[in-house]
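Both ligands and their constituent atoms are indexed starting at 1 by order of listing.
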Amino acid sequence: MYDLLVLGGGPAGYLAAERAGHAGLSVVLVEKRAIGGVCLNEGCIPSKTLLNSAKIFDYAKHGEKYGVFTEGARIDQKAVVDRKNKVVRNLVAGIKGSLRTCHVTVKDGFGTILGRSGDAFRVQVGEEVLEAARLLVATGSEAVVPPIPGVKEGLAEGYVLTNREILDLLEIPASLVVVGGGVIGLEMASYFNSVGSKVTVVEMLDHIAGPTDLEISALLQKNYERKGVVFRLGAKVTSVSKGAVGFETAGQAETVAADAVLLSIGRRPVSTGFGLESLGVLTERGRIVTDARGRTSVPGVWATGDVNGQWMLAHAAYRESEVAVKDMLGQRDAVRYAAMPSVIYTNPEVGAVGETEETCRAKGLPFRKVVLPMNFSGRYMAENERGDGICKMLFDEAGARVIGCHILGGYASEIVMTAAMMIETEMRVKDIQELVFPHPSVVEVLREAVFQLD
Ligand code: NAI
């Protein structure tokens, strides 16, 4: 009997397996598809690899702004996808290596929970029945496929795509309609806009980028409109067919041409279809209910990552899994979500952490704010011709501590961590003012912002 069985080999599962194995537990990890899960194989990493190629291509096409002239720049989609596959292969190999180092047994196959017998949870993988004293459910999430006429047929025929298929497209579609202007939609709109598709984003809400600070989402939209992306907001998709997407906006029916359609209207936890019901674990609208230590309603069963429906981000999954493994080992810890950074890897990037003006108002939380153009940073100005990025910092009413930070601009993905540390450690503004930042750097904009508060 193993000490721990981990169901699912994505960021939540493989990290938990590594930590538990490292701590001396005997661990078996069951994965039905590919170690690394969605993040590594068809999400975070492949999309960032593609987006980097697009960024290089954009520089090549628009180098004249920086005094660099390149002629005949072109994108070779197959070479881009080949490189993406190589990056994924290398990273997956790295994870497999580290699982080996941590003495984790890996079983390839679909795991079905059979139930509990005495002290053991029983899980069937192929012909084999595995037994473990503890169970960690890390089965992740899947793309939501709406019951819109034509979607099912489109998926079968290949002109409707999810995050999985779009990353392997070898031909750049002349026109792409992105259904859902959230994180996946915007990152893929960014890529296909750069490489030459005519991109239309159809979004149900009146703004893009979901819970992002509204000033930043409006600026991001403007950036992409300048690049030629068309946004149809407040629009509900009504039909999909080969060549066209039908939608309704303000009571008007419209259609837009679409050689390919990306479905990016959200993801839902995978909590059914693998026998979880046999344990009586409490779920709520499809997500497994957990506490701050990853414990489910059933003793001996933990759930981390997208399946608990909390933040649906790989870095949230890492932290949740670390805490869950500590809990298994009798060590106290708890996940705090107040300083959870989030990033949209568009160009410019969006980095966000903590409260937004909108959440403060909704909670009745008084705040002070400083908004600075990113051009306060010399490095940003040197590298972004006509860049219109901003950095918005929110402080508590007394101006003593940072409670939120929202950035639009290059390196936002890296800068946001500095702000997250300020929030997580409840650093005092006066202590932040005494920090030395490297000059010239884009992160200096945070230093400027805390001095503007005086
Ligand atoms: P999302 O929740 O970010 O965005 C979905 C969007 O679709 C929303 O704006 C919603 O209003 C819209 N929508 C819903 N139904 C619609 C309809 N019928 N017609 C038009 N619009 C509709 O979901 P997304 O982009 O699919 O991403 C899924 C998950 O993947 C997210 O939870 C995210 O955390 C994760 N992810 C994170 C990334 C990152 O951290 N950079 C990158 C990509 C994905």
Exercise. Are the side chains of Glu171 and Gln77 in touch, meaning some heavy atoms are under 4.5 Å apart?
Worked result: no
Seminar exercise, completed: Numbered in order shown, the ligand 1 atoms found under 4.0 Å of a heavy atom of Leu205 are 11 (O)
Exercise. Are Lys236 and ligand 1 in contact, using a heavy-atom cut-off of under 4.0 Å?
Worked result: no
Exercise. What residue and heavy atom of the protein are closest to atom 4 (O) of ligand 1, and at what distance?
Worked result: Gly182 CA, 3.2 Å
Exercise. Should you measure from each heavy atom of Leu313, which atoms of ligand 1 turn up under 4.0 Å away?
Worked result: 34 (O), 37 (C), 40 (O)
Exercise. Rounded to the nearest 0.5 Å, how far does OG1 of Thr49 lie from NZ of Lys86?
Worked result: 10.5 Å
Exercise. Quick one: salt bridge (charged side-chain N to carboxylate O under 4.0 Å, His left out) pairs with a partner in residues 309-324, sequence neighbours left out?
Worked result: Arg19-Glu322, Arg319-Asp333
Exercise. Above 12 or not: heavy atoms from other molecules or residues under 6.0 Å from NE2 of His207?
Worked result: yes
Seminar exercise, completed: The protein heavy atom nearest to atom 34 (O) of ligand 1 is Met312 O, 3.0 Å
For this session: Look at the aromatic rings of Trp311 and Tyr337 and report parallel, tilted or perpendicular, splitting at 30° and 60°.
Result: parallel
Seminar exercise, completed: CD1 (Ile75) and CG (Asp58) are apart, to the nearest 0.5 Å, by 8.5 Å
Seminar exercise, completed: Nearest non-hydrogen protein atom to atom 18 (N) of ligand 1, with distance, is Met204 SD, 4.1 Å
For this session: Verify the neighbour count for atom NZ of Lys65: are there more than 12 heavy atoms of other residues, nucleotides or ligands below 6.0 Å?
Result: yes
Exercise. Atom 26 (O) of ligand 1: which protein heavy atom is closest, and how many Å away?
Worked result: Gly266 N, 2.9 Å
Problem set entry | Any side-chain donor near an acceptor of the partner, Thr283 and Ser271, under 3.5 Å | no
For this session: Provide, to 0.1 Å, the distance between atom 9 (O) of ligand 1 and the closest protein heavy atom, together with that atom's residue and name.
Result: Glu203 OE1, 2.7 Å
Exercise. Under 3.5 Å, is there a donor-acceptor pair between the Asn163 and Arg267 side chains?
Worked result: yes
Exercise. Cut-off 3.5 Å, side chains only: do Glu444 and Tyr380 have a donor facing an acceptor?
Worked result: no
Exercise. What residue and heavy atom of the protein are closest to atom 14 (C) of ligand 1, and at what distance?
Worked result: Ile265 CB, 3.5 Å
Exercise. Taking only heavy atoms of Glu187, which atoms of ligand 1 are found under 4.0 Å from at least one of them?
Worked result: 41 (N), 42 (C)
For this session: Ignoring hydrogens, just give me the one of Val144, Asn163, Val245, Val183 whose non-hydrogen atom is nearest atom 38 (C) of ligand 1.
Result: Val183
Problem set entry | Numbered atoms of ligand 1 (with element) below 4.0 Å of Val202, judged on heavy atoms | 20 (C), 21 (N)
Problem set entry | Atoms of ligand 1 close to Tyr345 [distance to a heavy atom under 4.0 angstrom, numbered from 1] | 41 (N)
Problem set entry | Selected option - heavy-atom contact closest to atom 5 (C) of ligand 1, from Gly180, Cys44, Ser264, Ala316 | Ser264
For this session: Would you indicate which of Arg267, Arg268, Lys48 comes nearest to atom 28 (C) of ligand 1 when only heavy atoms are counted?
Result: Arg267
Would you mind writing out the side-chain donor-acceptor pairs for residues 240-251 within the sub-3.5 Å range, not counting sequence neighbours?
none

Problem set entry | Taking atom 41 (N) of ligand 1 as the reference point, the nearest protein heavy atom with its distance | Val343 O, 2.8 Å
Problem set entry | Selected option - heavy-atom contact closest to atom 19 (N) of ligand 1, from Thr238, Val179, Ile184, Val350 | Val179
